[in-house]
Amino acid sequence: QVQLVESGGGLVQAGASLRLSCSASGRTFSNSAMGWFRQAPGKEREFVAAISWSGRTRYYAESVKGRFTISRDNAKNTVFLQMNSLKPEDTAVYYCAAGPMSDSEDSYDYWGQGTQVTVSS
């Protein structure tokens with residue numbers, strides 16, 4: 001069992017940066033890939049980024065590549081999403097998830113409650 005709690009969301013202007021954190025409890029964190037997904041109002045949840053359990057492999061959605069960086073600290077049971085050059089279209093609730101390495105939300109076993117990111121123009 002893994003429990004996930006996101007933090008770090010907020011309201012920022014376009015061009016600003018935010019760093020999201022996802023703290024995990026449970027013995028399987030260091031053996032799990034971690035993913036970030038987001039859901040904008042009226043839209044389906046979409047993949048943002050994923051990182052393997054070792055941190056050596058990372059996937060990104062095309063829409064965030066070059067602006068967002070996913071990382072993890074297994075000693076602290078935490079995964080991060082550094083978001084730079086934010087755009088209004090990045091506005092969404094951001095969720096972290098734990099499970100097999102994938103860009104599909106159906107692959108992930110555990111989910112956090114989400115944190116709101118709002119980017120004003």
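Predicted model only: the values in this text are computed from it and were never measured. Values below: all heavy atoms of this structure, side chains included; hydrogens, waters and symmetry mates excluded.
Sparse packing is recorded around OH of Tyr59, with 12 or fewer heavy atoms of other residues, nucleotides or ligands lying under 6.0 Å away. Summarising the local packing, CD of Gln113 is surrounded by more than 12 heavy atoms from other residues, nucleotides or ligands at distances under 6.0 Å.
Note that CZ of Arg58 and CE of Met101 are 9.5 Å apart. Values are rounded to the nearest 0.5 Å. The distance from atom CE of Met34 to atom OG1 of Thr78, rounded to the nearest 0.5 Å, is 9.0 Å. With rounding to the nearest 0.5 angstrom, the OG1 atom of Thr57 is 9.0 Å from the CD1 atom of Ile51. Atom NZ of Lys43 and atom CZ of Arg38 lie 8.5 Å apart (nearest 0.5 Å).
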Item to check | Trace of the ring pair (Phe, Tyr, Trp, His ring centres under 6.0 Å) decision for Trp36 with Phe47 | outcome: CA-CA 7 Å; Trp36 284 98; Phe47 170 75; over 10 Å; no
Item to check | Test side-chain contact (heavy atoms from CB on, under 4.5 Å) applied to Met83 and Arg19, step by step | outcome: CA-CA 6 Å; Met83 306 186 295; Arg19 188 174 83 153; over 6 Å; no
Item to check | Audit row: Ile70, Tyr60, side-chain contact (heavy atoms from CB on, under 4.5 Å) steps and yes/no | outcome: CA-CA 8 Å; Ile70 188 171; Tyr60 294 96; 3.5 Å; yes
Distance-only donor-acceptor hits, side chain of residues 7-18, under 3.5 Å, sequence neighbours excluded:
from  : atom 1 : to    : atom 2 : distance (Å)
Ser17 : OG     : Asn84 : OD1    : 2.9

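Judged by a 6.0 Å distance limit and a 45° cone about the ring axis, Arg72 is not positioned over the six-membered ring of Trp53.
Tyr95 and Tyr110 are not part of a single hydrophobic cluster, where members link through side-chain heavy atoms under 4.5 Å apart. Residues Val64 and Val79 fall within the same hydrophobic cluster, defined by Ile, Leu, Val, Met, Phe, Trp and Tyr side chains chained together at heavy-atom separations under 4.5 Å.
By the 30° and 60° cut-offs, the orientation of the rings of Phe68 relative to Tyr94 is tilted.
A donor-acceptor pair is defined here as one N or O able to donate and one able to accept, closer than 3.5 Å; such a pair exists between the side chain of Tyr108 and the backbone of Ser102. Judged by distance alone, the side chain of Asp73 and the main-chain N or O of Lys76 form a donor-acceptor pair under 3.5 Å.
Judged by distance alone, the side chains of Gln116 and Thr118 do bring a donor and an acceptor atom under 3.5 Å apart.
Residues satisfying the side chain to side chain donor-acceptor pair (under 3.5 Å) criterion with Lys65, sequence neighbours excluded, are Glu62.
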